[in-house]
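First comes the structure, then the notes that go with it.
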Number of protein chains: 2
Amino acid sequence: MTSIERPASPRHTRQRAEIRQAVEEQEGFATAQEIHDRMRHDGSGVGLATVYRTLQGLAATGEVDAIRTPDGQVAYRTCSPGHHHHLICRSCGRTVEVSIPSLEAQVRALAAEQGFAEVEHALEFYGTCTECARA
Amino acid sequence: MTSIERPASPRHTRQRAEIRQAVEEQEGFATAQEIHDRMRHDGSGVGLATVYRTLQGLAATGEVDAIRTPDGQVAYRTCSPGHHHHLICRSCGRTVEVSIPSLEAQVRALAAEQGFAEVEHALEFYGTCTECARA
DNA sequence: TTGAAGATGAGAATGATTCCCATGAAGATT
DNA sequence: AATCTTCATGGGAATCATTCTCATCTTCAA
């Protein structure tokens with residue numbers, strides 16, 4: 001198990017605060033690049049590498065949620081705590097958090113049945129919300 | 001809706017046959033690069049770009065399943081027809097197909113509830129199989 | 001057999017993400 | 001407040017998977 005060392009408590013820096021705020025302000029999920037672009041547009045001089053690093057850190061501690069979009073990019077969002085999934089609009093990005101308690105039970109059952117341990121899953125839904133369906 | 005034109009019926013070529021066979025022979029999921037490497041190792045001279053193109057085509061018609069691994073790469077595998085999910089061993093790659101009928105119903109219900117249309121989902125499970133848990 | 005539409009392959013191009021490393025800032029210690 | 005050690009930053013190079021380009025071959029219908 002080779003895990004990268006990460007300081008117990010990261011330092012409080014201006015950049016880190018700005019990035020955290022940027023993620024909190026956005027509606028749905030956004031990639032590191034999108035967040036970086038928006039910050040730049042808003043006058044911040046934070047570097048792209050820092051945005052990547054910081055978002056990864058925030059995701060590792062669960063402070064933000066990270067998902068992989070269908071085209072392979074990683075997107076971040078501030079979410080409510082606890083296990084949940086997302087229903088994401090393909091065109092506008094609007095995101096609804098949903099939880100499927102019965103799924104979690106089934107997953108455990110399936111895993112046991114097949115003899116698999118430490119089973120994790122990532123489930124996201126992509127659709128078109130009412131607003132966008134109109135246009 | 002800009003969809004890339006794809007010929008109704010692709011031509012039958014030696015390369016296409018080789019690639020299809022390579023995917024069928026493998027145990028679990030493999031990336032285009034892995035498949036290409038194995039083919040090369042077995043004496044095939046098929047180009048990497050062709051492997052990528054062909055696998056994409058096969059996935060588009062449902063002849064093979066394509067998933068995105070946790071680290072963002074696309075992996076392919078020959079599967080049984082119909083909607084199903086995968087329980088994949090993180091270390092050895094062994095894959096078990098599973099279906100969760102109740103999930104599909106819940107998805108439709110959730111989508112309707114939130115006013116989302118054309119909802120798609122991708123759900124894969126990653127765990128450690130019995131064999132690998134021992135080692 | 002022949003021609004046109006497709007397929008192939010080698011390498012260049014792309015694009016997201018990570019790495020490198022010299023410099024700057026945070027936080028603990030006097 | 002001054003100092004010091006450690007960690008964070010940022011800019012640009014480096015990676016790496018994937019796609020594109022395009023000249024050259026194949027397939028397959030006529």
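Naming: A, B, ... by sequence-line order, numbering from 1 per chain.
Computed from coordinates, the B:Leu55 CG to D:dT19 P distance equals 11 Å when rounded to whole Å. Atom CD of A:Gln73 and atom P of D:dA17 are 17 Å apart (whole Å). Remark: C1' of D:dT9 and CD of A:Gln56 are 15 Å apart, rounded to the nearest angstrom. When rounded to the nearest whole Å, the span between CG of B:Asp71 and C1' of C:dT17 equals 12 Å. The distance from atom CG of A:Leu48 to atom C1' of C:dC20 is 15 Å, rounded to the nearest whole Å.
Taking Ile, Leu, Val, Met, Phe, Trp and Tyr as hydrophobic and joining them when side-chain heavy atoms fall under 4.5 Å apart, one finds B:Leu110 in a cluster with A:Leu87, A:Val96, A:Val98, A:Ile100, A:Leu103, A:Val107, A:Leu110, A:Phe116, A:Val119, A:Leu123, A:Phe125, B:Leu87, B:Val96, B:Val98, B:Ile100, B:Leu103, B:Val107, B:Phe116, B:Val119, B:Leu123, B:Phe125. Grouping Ile, Leu, Val, Met, Phe, Trp and Tyr residues whose side-chain heavy atoms lie under 4.5 Å apart, directly or via other members, places A:Leu48 in a hydrophobic cluster with A:Tyr52.
Among residues two or more places apart in sequence or in another chain, the ring-ring contact (aromatic ring centres under 6.0 Å, His included) test is passed with B:His86 by B:Phe29, B:His84. Under the salt bridge (charged side-chain N to carboxylate O under 4.0 Å, His left out) criterion, B:Glu120 pairs with A:Arg90, not counting sequence neighbours. Scored by the salt bridge (charged side-chain N to carboxylate O under 4.0 Å, His left out) test, A:Glu97 finds A:Arg77 as partners (sequence neighbours excluded). Listed by chain and residue number, nothing satisfies the ring-ring contact (aromatic ring centres under 6.0 Å, His included) test with A:His41 (two or more places apart in sequence, or in another chain). In this view, B:Val74 and B:Ala66, B:Arg68, B:Tyr76 satisfy the side-chain contact (heavy atoms from CB on, under 4.5 Å) rule, not counting sequence neighbours.
At a threshold of 4.5 Å between non-hydrogen side-chain atoms, the residues A:Gln73 and A:Gln33 do not count as touching.
B:Gly115 and A:Thr130 get closest at one heavy-atom pair: O-OG1, 3.0 Å. Across B:Cys89 and B:Cys129, no two heavy atoms sit closer than the pair SG-N, 3.5 Å.
The side-chain hydrogen bond (donor to acceptor under 3.5 Å, both in side chains) contacts involving residues 10-20 of chain B comprise B:Arg14-B:Glu18, B:Glu18-B:Ser44, B:Arg20-B:Glu63, where partners must be two or more places apart or lie in separate chains.
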Between protein and nucleic acid, restricted to nucleotides 27-30 of chain C and to nitrogen or oxygen atoms under 3.5 Å apart, what atom pairs and distances do you find?
| unit_1 | atom_1 | unit_2 | atom_2 | d |
| --- | --- | --- | --- | --- |
| C:dG27 | OP1 | A:His12 | N | 3.4 |

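Contact check, B:Thr50 against C:dG9: a side-chain N or O comes under 4.0 Å of OP1 or OP2. Between A:Tyr52 and C:dT18, a side-chain N or O to OP1/OP2 separation shorter than 4.0 Å is absent.
Between the side chain of B:Arg53 and the base of C:dG6, no donor-acceptor pair under 3.5 Å is found.
End-to-end axis angle of the helix from C:dT1-D:dA30 to C:dT30-D:dA1, using five pairs per end and rounding to 10°, comes to 30°.
B:Glu104 and B:His83 form a side-chain donor-acceptor contact under 3.5 Å, judged by distance and modelled atom types alone. Inspection of the A:Gln106 and B:Ser102 side chains reveals an N or O donor paired with an N or O acceptor under 3.5 Å.
Remark: B:Gln33 in residues 30-41 of chain B come within less than 4.0 Å of DNA chain D through at least one heavy atom. Within residues 14-26 of chain B, the residues approached by DNA chain C to less than 4.0 Å at the level of any non-hydrogen atom are B:Gln15, B:Arg16, in residue-number order.
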